[in-house]
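Counting starts at 1 for both ligands and their atoms, in listed order.
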Amino acid sequence: ASDATEHDVVVIGGGPGGYVAAIKAAQLGLKTACVEKRGALGGTCLNVGCIPSKSLLNNSHIYHQIKHDIKQRGIDVEGVSLNLENMMAAKDKSVKGLTSGIETLFKMNKVDYVKGTGSIANENEVVVKPLDGGADISLKTKNIIIATGSEATPFPGLEVDEKKVVTSTGAIALTEVPKKMVVIGGGIIGLEMGSVWSRLGAEVTVVEFLEAIGGPGMDADVSKTMQRLLGRQGIKFKLATKVLSGDASGEGVKLEIEGVKNGKTESIEADVVLVAIGRRPYTEGLGLENVGIETDERGRIIIDQEYRTKHSNIRVIGDVTFGAMLAHKAEEEGIAAAEFIKKGYGHVNYGAIPSVMYTHPEAAWVGQSEQDVKKSGKEYVVGTFPFIANSRAKTNLDTDGMVKFIADKETDRILGIHIVGPNAGEMIAEGVLAIEYGASSEDIARTSHAHPTLSEAFKEAAMATYDKAIHA
Ligand code: FAD
Ligand code: NAI
């Protein structure tokens, strides 16, 4: 196996971390290759994650709205029906357009796209097994960036067939609406995909081990509000409940569940079970053992502040290492890693990474939750503003939710911002910028926000931390 060209950087994995790192490295003048094994660029996010799930969330919301909410808007529609095949086709079209768009970006930036499975042979060589089955390719390189991402954590004893027992990958590709769906895990994937299938007509039950939905990091007020609103949409919740075992040998799937507090067991049945209990780093076949690179007890590759492993020329970014498993976090790290290689410095502000859950209404947050601030012992103030008191939300007949600011009691510096509401995912950008700039809540409250917009709720919640809101 040989390849005469030596690279400055070989990136393994073409997801949001890897493809962004590769483009940035090439832009910085480094000779760069990106190895990807799935046959398309964009990783989990574009192929089976962020993008297809948001396509289904958006279109299922429109369907649901036309079915259940359109009359009050003065629009009479008859004969509404679901064409699932076409909804899936619309999703596939978005995915295809975006993944091939990255291929174009690679060409424009002169990144070598190597299709195959990359394995680290030694500190300066990645060996690729080509997708098309040809002879191994050896890529000699000064630097390696590992960006191999993550995979769904399996549920012991319940084999995933992506038809009856599905991960998110199967859940974005079902060919019919299940009558009954049980979701194991009330985190972001469970609530987003649970929403999609519930809107399309499935009876959805979410079984969550903890006493609250939303997964780690969600503010308790947000979690409670979302549970109430999703419950109103028809999703059932079994909280503080553990799935003991599952049996998919019959026509459907049977689960044995147990109350965490009272130990009471019962069995529930479903046509489709979605396993959404978290994701784990993916390093299979990567050859870490060839270079003695270690992972921690959760499988994350161990790195230092500059993303370096014990070999200073091998760096790691994205889901396969520490931190939130989010596409934009992986992207920021991709840029920083390329900059470290070229310039010796790079930076990601981990205190200013937003989280968004794309249900309806959306939930979005940045910074600390109230329970985290409380734990830290810092004195704080809270300002909230409900969308029911916001003029635009009222005209849109979309008034569920609220904005919540948490600020340092002494300095008024913003510690956390939490939103449940229409367009929360777009609105949070202002909060991220405010935290990035070290703003106080008064800085936001004294900034003019256009009327009538939803963002006035954001301003008024900020006002409520140190003064009184005007409209509530
Ligand atoms: P990945 O995107 O996982 O990419 C890694 C790539 O490396 C893969 O394409 C894989 O094929 C390839 N690879 C692995 N090993 C090798 C090898 N040895 N050789 C060659 N290639 C290899 N995040 C958000 O921020 N917003 C969202 O809305 C969102 N929605 C999501 C919805 C779902 C259903 C899921 C599952 C995830 C979602 N995420 C979302 C999370 C997001 O997808 C990940 O955080 C993100 O993709 C991580 O990027 P990455 O580059 O680290 O890894
Ligand atoms: P998660 O970590 O968000 O939630 C998993 C949930 O499952 C937790 O609430 C946990 O308590 C529960 N759980 C674990 N084991 C269980 C068991 N045996 N029985 C019952 N409940 C159990 O993980 P999820 O939802 O799988 O998502 C994985 C990752 O993907 C997340 O870290 C998230 O960052 C990312 N993602 C992001 C999205 C976004 O940004 N909009 C969308 C989808 C995924």
Requested in this report: Answer yes or no: does an N/O atom from M325 fall short of 3.5 Å to an N/O atom of ligand 2?
Outcome: yes
Query - Candidate with minimal heavy-atom separation from atom 28 (O) of ligand 1, of K54, H328, K115, E331 - result: K54
Requested in this report: Run the salt-bridge test on K115 and D132 with the 4.0 Å N-O cut-off and return the result as yes or no.
Outcome: no
Query raised in the report: Mind checking whether V356 has an N or O less than 3.5 Å away from an N or O of ligand 2?
Result: yes
Query raised in the report: Given C50, A40, G49, P281, which has its nearest heavy atom closest to atom 42 (C) of ligand 1?
Result: C50
Query raised in the report: In terms of the angle between their ring planes, are H360 and H61 parallel, tilted or perpendicular, with boundaries placed at 30° and 60°?
Result: parallel
Query raised in the report: Charged N to carboxylate O under 4.0 angstrom, R280 versus E151?
Result: yes
**Report entry** Region of I172 engaging ligand 1 - heavy atom pairs below 4.0 Å
**Finding:** neither
Requested in this report: Begin with the C-alpha distance, continue with both residues' side-chain angles, and end with the deciding distance and a verdict on salt bridge (Lys or Arg N to Asp or Glu O under 4.0 Å) for K180 and D271.
Outcome: CA-CA 5 Å; K180 279 191 181 168; D271 307 299; over 6 Å; no
Report summary line: Within the 4.0 Å heavy-atom cut-off, what V207 brings close to ligand 2 is backbone
Report summary line: Of L454, N396, I428, the one forming a side-chain contact (heavy atoms from CB on, under 4.5 Å) with N423 is L454
Query raised in the report: Does I12 approach ligand 1 within less than 4.0 angstrom via side chain, backbone, both or neither, non-hydrogen atoms only?
Result: side chain
Query - Numbered atoms of ligand 2 (with element) below 4.0 Å of Y358, judged on heavy atoms - result: 41 (N)
Query raised in the report: Looking only at N/O atoms, are G214 and ligand 2 under 3.5 Å apart anywhere?
Result: no
Report task. Would you confirm whether S150, through its side chain, and R279, through its main-chain N or O, come within 3.5 Å as a donor-acceptor pair? Result -> no
Report task. Mark up the atoms of ligand 1 that fall under 4.0 Å of a heavy atom belonging to G318, in ascending order. Result -> 52 (O)
Requested in this report: Taking K24 for its side chain and E331 for its backbone only, find out whether a donor-acceptor pair lies under 3.5 Å.
Outcome: no
Query raised in the report: Quick one: does ligand 1 sit under 4.0 Å from the side chain of S168, the backbone, both or neither, non-hydrogen atoms only?
Result: side chain
Report summary line: Logged contact type for K329 with ligand 1, heavy-atom cut-off 4.0 Å, is neither
Query raised in the report: So does D400 pair up with R232, basic N to acidic O under 4.0 Å?
Result: yes
Query raised in the report: Do NZ/NE/NH1/NH2 and the carboxylate oxygens of K238 and E266 come within less than 4.0 Å?
Result: yes
Report summary line: Contact region, Y282 to ligand 1, non-hydrogen atoms below 4.0 Å, reads side chain
**Report entry** 4.5 Å side-chain heavy-atom contact, V253 and L158
**Finding:** yes
Query raised in the report: Looking at K404 and E370, does any basic side-chain N land under 4.0 Å from a carboxylate oxygen?
Result: yes
Report task. Taking the side chain as every heavy atom from C-beta outward, state whether N349 and E332 have any atom pair closer than 4.5 Å. Result -> no
Query raised in the report: What's the spacing between L56 CG and L84 CG if we round to 0.5 Å?
Result: 8.0 Å
Requested in this report: Check the surroundings of atom NZ in K31: do more than 12 heavy atoms from other residues, nucleotides or ligands lie under 6.0 Å from it?
Outcome: yes
**Report entry** Sub-4.0 Å heavy-atom contact, Y358 with ligand 1
**Finding:** yes
**Report entry** Contacting atoms of ligand 1, where contact means under 4.0 angstrom from a heavy atom of T117
**Finding:** 18 (N), 19 (N)
Report summary line: Checking heavy-atom distances from atom 23 (O) of ligand 2 to each of G278, G323, G187, the winner is G278
Requested in this report: Could you check which of G15, P16, G116, P354 puts a non-hydrogen atom nearest to atom 49 (O) of ligand 1?
Outcome: P16
Report summary line: Per-atom filter on ligand 2: closer than 4.0 angstrom to a heavy atom of F155 are 18 (N)
Report task. Give the atoms of ligand 2, by number and element, whose distance to some non-hydrogen atom of L210 is under 4.0 Å. Result -> 11 (O)
Query raised in the report: Among the heavy atoms of K242, does any lie under 4.0 Å from an atom of ligand 2?
Result: no
Report task. Check R279 against ligand 1 and report side chain, backbone, both or neither, counting heavy atoms closer than 4.0 Å. Result -> side chain
Query - Protein residue, atom and distance nearest to atom 2 (O) of ligand 2, heavy-atom basis - result: P216 CD, 3.9 Å
Query raised in the report: How does L326 reach ligand 2, by side chain, by backbone, by both or by neither, if only non-hydrogen atoms under 4.0 Å count?
Result: side chain
Report summary line: Looking at E192, K37, E36, the heavy atom closest to atom 9 (O) of ligand 1 belongs to E36
**Report entry** I184 neighbourhood, listing ligand 2 atoms whose heavy-atom distance to it stays under 4.0 Å
**Finding:** 19 (N), 20 (C)
Report summary line: Closest non-hydrogen atoms of L28 and A338, given as atom of the first, atom of the second and distance, are CD1-O, 3.7 Å
**Report entry** Winner among L57, T148, L56 once heavy atoms are compared against atom 16 (C) of ligand 1
**Finding:** T148
Query - salt_bridge(E333, R315) N-O dist < 4.0 Å - result: no
Query - Mode of S150 contact toward ligand 1 - side chain, backbone, both, neither (heavy atoms, under 4.0 Å) - result: backbone
Query - Contact with ligand 1 for A147, non-hydrogen, under 4.0 angstrom - result: yes
Query raised in the report: How does C45 reach ligand 1, if at all, at less than 4.0 Å between non-hydrogen atoms: by side chain, backbone, both, or neither?
Result: both
